[in-house]
Q: 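Got a structure here, written out as structure tokens. Questions coming.
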Amino acid sequence: MSSCPLCHHETVAFSQDKSRPYVRCPQCFLVSVPAAFYLDQIAEKAHYDCHNNDVADLGYQQFLSRTLTPLIARIKPGAIGLDFGCGEGAVLSQMAVAQGIKVVNYDLFYHPDTQVLSQQYDFVCLTEVIEHIANAQALMTQLSTLLLPGGILAVMTKQVPSLDKFNNWYYKIDPTHINFYSIETFQWLALQQGWQLEIIDSDVVFFHLPKSPV
């Protein structure tokens, strides 16, 4: 079996469909796809190019509001955030600006200005992003350096259902979805990082960083 991309523990078989296998970590409970089944960056970007996430789409705005609305209720006036993996349309930042909140954009393919990754922010959003990123451990290290003390990491992703439901789960069919998180994974992560986990709803969690470094 492969090693877990989040904690590097040896994984065990979890599920299999016609496209690829899925393994699960018995330590942090992350469900992942072995690296041999990752798309290359050209194929990955081609898949994202098919997305039509437009700021004029009220349904998409409502979707993102499930993260943005509770986040705005928890930040101080003047807070500045980062939308990590903002996508081509960078919709969340436009929605935030309309409410007087500044959000900087970063995306590997569409907004690749790495200068924004050398700064720190009051909050960082990953809306439907975390499941796409292969090196989960490196991502968490990077995110912790992007947040100011007392900052909030807001994560939106579909959470792993039970095995019987996972076998027919639509979310795993997307070939760019390679790491699947559950509440148990988020609880493990919070414990390891010294963060406080807040469950917002079935697809949204916030991690609150300590007000001073631990």
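Computation of the quantities below employed the complete heavy-atom set of this structure, encompassing side-chain atoms and omitting hydrogens, waters and symmetry-equivalent molecules.
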Q: Atom CD of Glu184 and atom CG of Leu189: how far apart are they, to the nearest 0.5 Å?
A: 13.0 Å
Q: Could you state whether Leu108 and Leu92 fall into the same hydrophobic cluster, counting links through intermediate Ile, Leu, Val, Met, Phe, Trp or Tyr residues with side-chain heavy atoms under 4.5 angstrom apart?
A: no
Q: Under 4.5 Å between any side-chain heavy atoms of His9 and Pro26, yes or no?
A: yes
Q: Write down the atom of Ser144, the atom of Leu209, and the distance for their closest heavy-atom approach.
A: O-CD2, 4.4 Å
Q: Would you say Ser118's side chain and Thr114's backbone share a donor-acceptor pair under 3.5 angstrom?
A: no
Q: Do Arg20 and Asp17 come close enough that some side-chain heavy atom pair is under 4.5 Å?
A: yes
Q: At what distance, to the nearest 0.5 angstrom, does CE of Met95 lie from CD1 of Ile101?
A: 12.5 Å
Q: Check whether Glu10 reaches the backbone of Ser3 with its side chain - one donor and one acceptor, N or O, closer than 3.5 Å.
A: no
Q: Say you draw a straight line from CG of Leu117 to CG of Leu82; how long is it, rounded to the nearest 0.5 Å?
A: 6.5 Å
Q: With Leu153, which of Phe84, Tyr121, Trp195, Phe206 fulfils side-chain contact (heavy atoms from CB on, under 4.5 Å)?
A: Trp195
Q: Do Ile178 and Phe37 touch side chain to side chain, with heavy atoms closer than 4.5 Å?
A: no
Q: In Å and rounded to the nearest 0.5 Å, what is the CG to SG distance from Leu71 to Cys125?
A: 5.0 Å
Q: Please tell me whether Val155 and Tyr171 are part of a single hydrophobic cluster in this structure, the criterion being side-chain heavy atoms less than 4.5 Å apart.
A: no
Q: Taking all non-hydrogen atoms of both residues into account, name the closest pair between Cys86 and Asn105 and its distance.
A: SG-CB, 3.6 Å
Q: Indicate whether any N or O donor in one side chain lies under 3.5 Å from an N or O acceptor in the other, for Ser182 and Thr185.
A: yes
Q: Do you know the tightest heavy-atom contact between Ala138 and Asn135?
A: N-OD1, 3.0 Å
Q: Is any side-chain heavy atom of Glu88 less than 4.5 Å from a side-chain heavy atom of Phe109?
A: no
Q: In terms of ring plane angle, is the pair His177 and His132 parallel, tilted or perpendicular, where the classes change at 30° and 60°?
A: perpendicular
Q: For the residue pair Met140 and Cys7, establish whether any side-chain heavy-atom pair is separated by less than 4.5 Å.
A: no
Q: Side-chain donor-acceptor pair under 3.5 Å between Tyr22 and Asn167, yes or no?
A: no
Q: Hydrophobic clusters here meaning ILVMFWY residues chained together by side-chain heavy-atom distances under 4.5 Å, can you tell me if Val204 and Tyr60 are in one?
A: yes
Q: For the hydrophobic clusters of this structure (ILVMFWY residues joined by side-chain heavy atoms under 4.5 Å, transitively), does one cluster hold both Leu139 and Phe207?
A: yes
Q: Hey, what do you get for CG (Leu6) to CD1 (Ile133), rounding to the nearest 0.5 Å?
A: 12.0 Å
Q: With a 4.5 Å cut-off on side-chain heavy atoms, are Ile183 and Val205 touching?
A: yes
Q: Answer yes or no: is there a side-chain heavy-atom contact under 4.5 Å between Cys4 and Gln27?
A: no
Q: Mind listing the closest non-hydrogen atom pair of Asp49 and Tyr110 along with its distance?
A: OD1-OH, 2.6 Å
Q: State, to 0.1 Å, how close Asp107 and Gly87 come at their nearest heavy-atom pair, and which atoms those are.
A: OD2-N, 2.8 Å
Q: Given the rule in the side-chain contact (heavy atoms from CB on, under 4.5 Å) test, do Tyr106 and Asp83 qualify, once you have shown the distances and angles that lead to the verdict?
A: CA-CA 6 Å; Tyr106 173 75; Asp83 187 6; over 6 Å; no
Q: Can you tell me if Gln94 uses its side chain to pair, donor with acceptor, with the backbone of Gly89 under 3.5 Å?
A: yes
Q: Taking salt bridge (charged side-chain N to carboxylate O under 4.0 Å, His left out) as the criterion, tell me which of Asp201, Asp203, Asp174 meets it with Lys158.
A: Asp203
Q: Tell me, please, which residues at least two apart from Glu198 pass salt bridge (Lys or Arg N to Asp or Glu O under 4.0 Å).
A: Arg74
Q: Decide yes or no for Tyr38 and Glu44: does some side-chain heavy atom of the first lie under 4.5 Å from some side-chain heavy atom of the second?
A: no
Q: Between CZ of Phe29 and CH2 of Trp188, what distance do you get to the nearest 0.5 Å?
A: 10.0 Å
Q: Please check: side-chain N/O of Gln196 versus main-chain N/O of Ala190, any donor-acceptor pairing under 3.5 Å?
A: no
Q: For the side chain to side chain donor-acceptor pair (under 3.5 Å) test, which of Thr157, Thr176, Asn179 pairs with Glu131?
A: Thr157
Q: Going hydrophobic residue to hydrophobic residue with side-chain gaps under 4.5 angstrom, can you get from Ile75 over to Leu146?
A: no
Q: Which heavy-atom pair separates Ala154 from Thr67 by the least distance, and what is that distance?
A: CB-CG2, 3.8 Å
